[in-house]
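First the structure, in the form of structure tokens, and then the observations on it.
Keep in mind that this is a model prediction, so the values were computed, not measured. Counting starts at 1 for both ligands and their atoms, in listed order.
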Amino acid sequence: MSDLKFDTLTIHAGAQPDPTTKARATPIYQTTSFVFDNVDHAASLFNLQEFGNIYTRIGNPTCAVLEDRIAALEGGTAALAVGSGHAAQVIVFHTLLEPGDEFIASKQLYGGSINQFGHAFKKFGWEVKWVDGGDPASFKSAVSPKTKAIFTESIANPGGIVVDLAGISSVAKDAGIPLIVDNTLATPALCRPFEHGADIIVHSATKFLGGHGNSIGGLIVDGGSFDWSAGGKYPTLSEPCASYHGVKLHETFGPIAFAIACRTLGLRDLGPALSPFNAYLIATGMETLSLRMARHCENAQKLAEHLSGHDKVTWVSYAGLPKDPHHKLAQKISPGGAGAVFTFGVKGGYEAGVSLVNSVELFSHLANVGDTRSLIIHPASTTHRQLSEEQAAAAGAGPDVVRVSVGLEDPDDIIADLDAALSKI
Ligand SMILES: Cc1ncc(COP(=O)(O)O)c(C=O)c1O
């Protein structure tokens, strides 16, 4: 079977009936390790001369289904499943950067990524330069000889802001560096970043991919077309690898070299493996990705329209609204819809935001997005409280901001719950 359409791939990519038992659903291979045929077989696996299972920290057949499925849905050459979205980011940068290197990142990111890049990464000697994610020119002005990558979200958390991926990609191409896109909020059902010039995609599979709020996981997808050997900027990929008998990963593995490096060096040595059980839950969730994303977007659109006319609401930032400044770009970058995470401002600022999240009943007040259930948070008092006031405002998390992740319930119930809570402010 070839050239299967997207909705078919969400169900079938990566999975076949189990060759031994004929089980139709993907089995959970809950094992730490795999038996070698003989010493020669073991040697060829350890030498990267043959692909196969060794130890679940490096790879596992249930995780492989998830990897092949996301690679197919994003249009990449290969993928790697890891323990969380944050682990995916650590492994990507560990593969690309040396101590003293820099990368450029949009200021409009998930608050945890702002912390990871700005604080934790400093200990590795990796320096982030923050720029305005809405302006490709600000990425260009931040490029220096030490810059090794650009990072942005496609639809940015928490604001639901849509990013000009093609504009940023042309800055990356001019500088000879890869564009990494976090496609968590959009998922490939709405936006396919490789079609807009991305080189690497990362996901928090914890969110809409898994979709049911039950498993933490992360994914890295290799776009397969970046030339890692040009210019000598990426020695992990282009130079002889000391821990694999001098093999040059890019020369040996070509379009899947980045995914191989992330697995055989990043995941093997840093260790944030995904459990096979979580891989099973996430891959199962992905089977309904298109259906869920369409309904998420429909419900979000109805709620955003309702809130736009509400007298307790000062503004709504949702690219699905025709008056939104990101509306046109959203139709181009994210043709499947503007997503289901957006922010709005409540009259009365910080106190009103706190009152609202304390009063909801159907919405769950928690720090996650991309569940079947509708979720709400007041970022200034929770996810973004570690940031300075200036950083929080730049990330779209000022004192009056409330973020919702609109679930799959009946839209009338979603709207009625927020109306009731707003009336109590
Ligand atoms: C856009 C985005 N990227 C990355 C992450 C980190 O993912 P994880 O929590 O799976 O580590 C999150 C988590 O909320 C997120 O929303």
Side-chain angles (χ1 to χ4, degrees), residues 63 66 70 74 79-94 105-121 128 133 151-163 165 180-188 190-191 193 198 200-221 266-267 270-275 278-279 281-282 285-286 293 296 333-334 338-343 364-371 373 375-379 382-387 395-397 401 403-406:
C63 299
L66 178 59
I70 191 67
E74 290 287 17
L80 178 67
V82 296
S84 68
H86 260 22
Q89 292 172 186
V90 172
I91 287 184
V92 162
F93 284 106
H94 182 258
S106 162
K107 275 187 272 198
Q108 289 90 351
L109 292 184
Y110 161 58
S113 298
I114 294 176
N115 274 325
Q116 187 190 48
F117 294 174
H119 299 294
F121 278 15
V128 60
F151 185 98
T152 182
E153 292 175 14
S154 47
I155 297 182
N157 186 355
I161 294 160
V162 181
V163 171
L165 294 181
I180 307 158
V181 175
D182 178 344
N183 202 28
T184 297
L185 291 200
T187 81
L190 306 185
C191 167
I200 297 161
I201 294 172
V202 291
H203 279 282
S204 168
T206 314
K207 320 294 177 191
F208 292 97
L209 286 178
H212 294 73
N214 55 24
S215 326
I216 303 277
L219 293 162
I220 300 165
V221 191
L267 187 56
L270 299 176
L274 181 67
S275 99
N278 280 14
L281 289 171
I282 295 165
M286 283 167 72
M293 291 314 289
H296 275 300
I333 300 285
S334 188
V341 176
F342 69 86
T343 50
S364 302
H365 176 209
L366 53 73
N368 192 26
V369 296
D371 196 321
R373 288 153 279 258
L375 315 175
I376 193 163
I377 201 155
H378 178 230
T382 52
T383 49
H384 287 62
R385 66 181 303 137
Q386 317 297 344
L387 306 184
V401 176
R403 182 189 76 190
V404 285
S405 172
V406 185

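Side-chain contact between Ser334 and Leu190: present, with at least one pair of heavy atoms (C-beta onward) separated by less than 4.5 Å. Side-chain contact between Leu267 and Leu80: present, with at least one pair of heavy atoms (C-beta onward) separated by less than 4.5 Å.
Atom NE2 of His94 has 12 or fewer heavy atoms from other residues, nucleotides or ligands within 6.0 Å.
Ring geometry for His296 versus Phe208: interplanar angle over 60°, hence perpendicular rather than tilted (30 to 60°).
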Return all side-chain donor-acceptor pairs below 3.5 angstrom for residues 209-220, not counting sequence neighbours, or 'none' if the list is empty.
| residue | atom | partner | partner atom | Å |
| --- | --- | --- | --- | --- |
| His212 | ND1 | Gly210 | O | 2.9 |

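Without hydrogens or angle criteria, Thr184 side chain to Ser204 main chain gives a donor-acceptor distance under 3.5 Å.
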Ligand-protein N/O pairs under 3.5 Å (ligand 1):
| residue | atom | partner | partner atom | Å |
| --- | --- | --- | --- | --- |
| ligand 1 | 3 (N) | Asp182 | OD2 | 2.6 |
| ligand 1 | 7 (O) | Ser204 | OG | 3.0 |
| ligand 1 | 10 (O) | Gly85 | N | 2.9 |
| ligand 1 | 10 (O) | Ser204 | OG | 2.8 |
| ligand 1 | 10 (O) | Thr206 | OG1 | 2.6 |
| ligand 1 | 11 (O) | Gly85 | N | 3.1 |
| ligand 1 | 11 (O) | His86 | N | 2.9 |
| ligand 1 | 14 (O) | Lys207 | NZ | 2.7 |
| ligand 1 | 16 (O) | Asn157 | ND2 | 2.8 |

